Amino acid sequence: MNESSSWPRDAIPHRRLCLAADMEQYSRLDTRTQSAAQADLVRLLDEAAKLTGLDRAAWVRQPQGDQEFAVLPEDTPEATVLGPFVHHLTNRLGVLNARSAAPRVRLRLAIDTGVVAYAALGHAGPAPVAVARYVNAPQLKAVLAALTPADLAVIVSDRLYQDVVRLGRPGLEPAQYVRAHVRLKEFGGYGWIRVPGYGPDGVRQFVQDASGPPPSPDGRAPSRAALSQHVHQGAAVGRDVSGGLNIGLPALPPAAGPWRDW
């Protein structure tokens, strides 16, 4: 029997790009303002995708109140999402927040790529689980809370950073990202944080302040070869996620390089 034959036809896993956009301090809003903020979030993502040339109608979207989780089509260029899409989302946020007498919308954005399968109540696979963890990373929350003029803070998985960002394409300068070791519940792994409009020196302090020391089995100070952990299986249903772990060595960060504008 073929291995995939045990899966329903529409549940066969594929490697997809996943992202989650989460609004800061949404719970502090009243019901009417929450409704308006949700509409703003959808419109922002629609506009940024359109300006980037991405077809939002082809995204498999899972609304979660103050957050949207989305699985993008298989042929979506990863560099386009990490570069132009983030660029346009930043600009649209700036336009939105220039309104007078309206609540400000500030976002945390997490992006990863990996195996995804459709499930009865959402999505299953390592990428949905990882994105759910990355978007709630303490370091990402701390950076956005500290850099109050910023409208957006972005975290990408180590996999995307190594495979895409380190190529140094325009708008994806590796030196602008700050590495963070994210540990939430059963998940542990490296992510890379960037805040559009801020250099790494303006971000690093807050990432470090929110990060505890990487895990060390013998209690000694961690070395650069400390182990990282990544979810290798799991499921995402709304905000509830579960998954297993796969242990491996992290890649060392690249040397700093010059920033390139758009």
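A quick note: this is a predicted structure, and the numbers were derived from the prediction, not measured. Numbers for residues simply follow the sequence, beginning at 1.
The two residues E24 and R108 make their nearest non-hydrogen contact at CA-NH1, 4.4 Å. Shown here for A20 and V131, the closest heavy-atom pair between the two residues is CB-CG1, 3.3 Å. Summarising the geometry of A175 relative to P200, their closest heavy-atom pair is O-CG, 3.2 Å, with the distance given to 0.1 Å. For the pair R56 and V42, the tightest heavy-atom approach, listed with the atom from each and the gap, is NH2-O, 3.8 Å. When all heavy atoms of L160 and L82 are compared, the pair lying nearest together is CD1-CD2, 4.3 Å. Of all heavy-atom pairs between A70 and R61, the closest is CB-CG, 4.2 Å.
Using a 4.5 Å heavy-atom cutoff, the side chains of L17 and L19 are not in contact. When side chains are defined from C-beta on, Y177 counts as touching L172, because their heavy atoms get closer than 4.5 Å. Looking only at side-chain heavy atoms (C-beta outward), L45 and L41 come within less than 4.5 Å of each other. No side-chain heavy atom of R16 sits less than 4.5 Å from a side-chain heavy atom of T113. Between V178 and V195, the closest side-chain pair of non-hydrogen atoms is not below 4.5 Å. Side-chain contact between D66 and Q34 is absent, with no heavy atoms from C-beta onward closer than 4.5 Å.
Residue pairs satisfying the ring-ring contact (aromatic ring centres under 6.0 Å, His included) criterion with at least one member in residues 30-66, sequence neighbours excluded, are listed as follows: W59-F85.
One distance of note links CZ of R183 with CZ of R133; it measures 14.0 Å at 0.5 Å rounding. Atom CG of residue L89 and atom CD of residue E47 lie 10.0 Å apart, to the nearest 0.5 angstrom. Between Q139 atom CD and D209 atom CG the span is 10.5 Å, to the nearest 0.5 Å. Between the CD atom of E68 and the CD atom of Q38 there is a distance of 10.5 Å, given to the nearest 0.5 Å. Atom CG of residue L152 and atom CZ of residue R194 lie 8.0 Å apart, to the nearest 0.5 angstrom. Atom-to-atom distance recorded for L44:CG and M23:CE is 9.5 Å, nearest 0.5 angstrom.
W192 has its ring centre less than 6.0 Å from the ring centre of Y161.
Within the 3.5 Å criterion, the main-chain N or O of Y190 finds a donor-acceptor partner in the side chain of Y134. Distance alone, capped at 3.5 Å, is enough to place a donor-acceptor pair between the T76 side chain and the P73 backbone.
Note on V86: it clusters hydrophobically with L96, by side-chain heavy-atom contacts below 4.5 Å among ILVMFWY residues. In this structure, L109 is a member of the same hydrophobic cluster as V164, with clusters built from ILVMFWY side-chain heavy atoms closer than 4.5 Å. Grouping the Ile, Leu, Val, Met, Phe, Trp and Tyr side chains by contacts below 4.5 angstrom, directly or via other members, places V135 apart from L72. Hydrophobic clustering keeps L93 apart from L51 (ILVMFWY residues linked when any side-chain heavy atoms are closer than 4.5 Å, directly or through intermediates).
Using a cutoff of 4.0 Å between basic side-chain nitrogens and carboxylate oxygens, D46 and R43 are not scored as salt-bridged. Ion pairing between D151 and R104 holds under the 4.0 Å rule for side-chain N and carboxylate O.
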| task | Give the intermediate values and the outcome of side-chain contact (heavy atoms from CB on, under 4.5 Å) for residues V116 and V60. | result | CA-CA 11 Å; V116 179; V60 180; over 6 Å; no

| request: Show the numbers, then the answer: is there a side-chain contact (heavy atoms from CB on, under 4.5 Å) between R99 and D40? | output: CA-CA 12 Å; R99 303 171 303 177; D40 285 338; 3.5 Å; yes

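Between F206 and the choices L140, V143, L144, the side chain to side chain contact (heavy atoms under 4.5 Å, CB included) rule is met once, by V143.
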